[in-house]
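For the single chain, residues carry numbers from 1 onward in sequence order. Values in this document were obtained by computation on a predicted structure and should not be read as measured data.
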Amino acid sequence: MNRETDAAIETDVLIIGAGPCGLFQVFELGLLDIRAHVVDSMPHVGGQCSELYPDKPIYDIPAYPVIGAQELVDRLMEQIEPFDPQFHLGHEVRSLERQPDGRFLATTSRDQSFLAKAIIIAGGVGSFQPRKLRLAGAEALEGIQIHYKIKDPNRFSGRRVAVLGGGDSALDWALELHERVAEMTVVHRRAEYRAQPASVSKLEALAEAGKLSIRQANLTGLHLEEGTLTGIDLMAADRSVERLDLDDLLIFWGLSPKLGPIAQWGLGMEKNQLEVDTAAFQTSEPGIYAVGDINTYPGKKKLILSGFHEAALAAFAIRHQLYPEEKLRLQYTTTSPVMHERLGVKG
C-alpha cells in the first residue's frame with residue numbers, strides 16, 4: 001500500500017451524493033447489513049431539495065399526499081438513523097481508481113481518501129449552480145433582492161415580487177407566494193410553460209381572477225437607486241419596453257449542471273448521464289452503480305420515487321457482489337426478526 005491508501009477510510013460502500021436517493025440508498029443497504037460512508041460536495045445533506053426549494057411541496061411520494069422537500073430530507077435522515085451512516089460533507093470526489101485488489105480508491109477535494117468495494121453515484125445532475133442574471137448590479141444584490149433559491153418564504157410577505165421562469169420551480173413558487181406578497185408578477189419569454197399542466201392551469205386561473213399578473217417578455221434592465229433594486233425593464237415581442245416596479249426578483253431559469261470529475265472516470269455515458277442496466281443499476285464499470293437523476297436507461301423517468309426503486313435493486317446487487325456465495329433470502333420489514341434487529345424495532 002502507498003501513503004494514500006494507508007490513510008484511506010475503508011468501507012464496503014461509498015455513496016457519492018447525499019440527496020434523497022443517496023439517503024434512501026443508505027437505508028436499503030442497511031437493511032441488508034451493509035454500512036456506508038456518504039460524500040457530498042455540499043455542506044449539508046438534501047441535495048437540490050435542501051439547497052434550491054426546501055419548502056417546495058412534493059405530491060408523489062407514496063403515503064404522503066403532500067410533503068415539503070426539506071421535510072422529506074428530514075424524514076429520510078430519521079429513517080436511516082439505525083444504520084449510523086458516516087457523512088463527509090463539503091467533499092467533492094476528484095478521483096476514482098480501481099486498485100489491484102479490486103477495490104476503488106476515491107480521493108476528495110479535501111484530501112480524504114476512501115477504499116471501497118463498491119461505489120454508488122447518487123449525485124443528481126452532478127454539481128450545479130442556478131443560471132444567473134448577467135446584468136450590471138445583479139451580483140451585488142444576490143441574496144438580498146435577487147434570489148435564485150428560497151429558504152424563508154415569509155421574507156417576501158407584503159412585498160412586490162416578480163418571478164422569472166416557466167418551469168416547475170418558477171410556477172410552484174409563484175403559486176406558493178401569491179397570497180402572502182403585495183403584488184405577484186410572473187415573467188416568461190413565451191406563452192408555453194415547461195411546468196406541470198395542473199400548475200399552468202392554476203396560474204392562468206389566478207391571473208384571470210386578477211390575483212397575479214403574467215408578462216410575456218424578456219428582462220433587459222435593472223433600475224437601481226443608491227444600490228437598491230426598485231424595478232426592472234421588460235421587453236415584449238413587439239420590442240416595446242415596460243418598467244415593472246418591485247422589491248424582490250426571484251429567478252428560476254433552471255440549473256447549469258456540471259458533472260465535474262465524474263465525466264473523466266471513463267464510465268459509459270449518454271448526454272451527460274451514466275448508462276446503467278435495469279437489474280442492478282450498475283454502470284459500464286463493474287462495482288460502480290448509479291441511482292437517481294444521474295443515470296439513464298430505456299424508459300427512465302426523473303422522479304424521486306424512481307430513484308428509491310433503483311436504490312433498492314442496487315442494494316441487492318451489491319449484497320451479491322460482496323457475498324457471491326451466500327444465498328440471499330428476501331425478508332420483509334413487517335415480519336422479519338432480523339430486519340427488526342437491524343432497524344432497532346422493539347417488541
- request: Salt-bridge test for Lys117 and Asp12: reply yes if a basic N is under 4.0 Å from a carboxylate O, no otherwise.
  value: yes

SB check Glu92 Arg94 (cutoff 4.0 Å): yes

- prompt: Does the distance from a Lys or Arg side-chain N to an Asp or Glu carboxylate O, for Arg319 and Glu326, drop under 4.0 Å?
  reply: yes

- prompt: Just how far is it from atom CG of Leu96 to atom CD1 of Ile121, taken to the nearest 0.5 Å?
  reply: 7.0 Å

field: Nearest-0.5 Å distance that lies between atom NE2 in His147 and atom CH2 in Trp173
entry: 12.0 Å

field: Shared hydrophobic cluster for Val163 and Ile144 (ILVMFWY, side-chain gaps under 4.5 Å)
entry: no

task: Using distance alone, with no hydrogens and no angle criterion, decide if Asn295 and Glu310 have a side-chain donor and acceptor under 3.5 Å apart.
output: yes

- request: Give a yes-or-no answer on whether the side chains of Asp238 and Ser240 include a donor-acceptor pair shorter than 3.5 Å.
  value: yes

query: Is the side chain of Thr108 donor-acceptor paired with the backbone N or O of Gln112 at a distance under 3.5 Å, no angle test?
result: yes

- prompt: Of the options Gln145, Arg160, Arg243, which is the one that meets Thr230 in a side chain to side chain donor-acceptor pair (under 3.5 Å)?
  reply: Arg243

field: No-hydrogen, no-angle side-chain donor-acceptor test under 3.5 Å, Tyr289 and Gln321
entry: yes

task: Inspect the contact between Lys132 and Glu142 and indicate whether a charged nitrogen and a carboxylate oxygen are less than 4.0 angstrom apart.
output: yes

query: Backbone N or O of Arg190 within a donor-acceptor pair of the Glu192 side chain at under 3.5 Å?
result: no

Ser113 side chain vs Ala8 backbone, donor-acceptor pair below 3.5 Å: no

query: Is Lys327 reaching over with its side chain to a backbone N or O of Glu325, donor-acceptor style, under 3.5 angstrom?
result: no

task: For Phe316 and Leu31, run side-chain contact (heavy atoms from CB on, under 4.5 Å): C-alpha distance rounded to whole Å, both residues' side-chain angles, the deciding distance at 0.1 Å, then the answer.
output: CA-CA 10 Å; Phe316 279 95; Leu31 289 179; over 6 Å; no

- prompt: Between Glu285 and Arg98, is there a side-chain N and carboxylate O pair less than 4.0 Å apart?
  reply: yes

pair Val186-Ser213: side-chain heavy atoms closer than 4.5 Å: no

- request: State yes or no: do Phe83 and Val338 share one hydrophobic cluster built from I, L, V, M, F, W and Y residues joined by side-chain heavy-atom distances below 4.5 Å, directly or via other members?
  value: no

query: Hey, are the side chains of Leu206 and Leu175 touching, using non-hydrogen atoms and a 4.5 Å cut-off?
result: yes

message: Do His91 and Asp40 pair up side chain to side chain, a donor and an acceptor below 3.5 Å, judged on atom types alone?
response: no

- prompt: Taking a hydrophobic cluster as the set of Ile, Leu, Val, Met, Phe, Trp and Tyr residues connected by side-chain heavy atoms closer than 4.5 Å, whether directly or through intermediates, do Ile304 and Ile120 fall within one such cluster?
  reply: yes

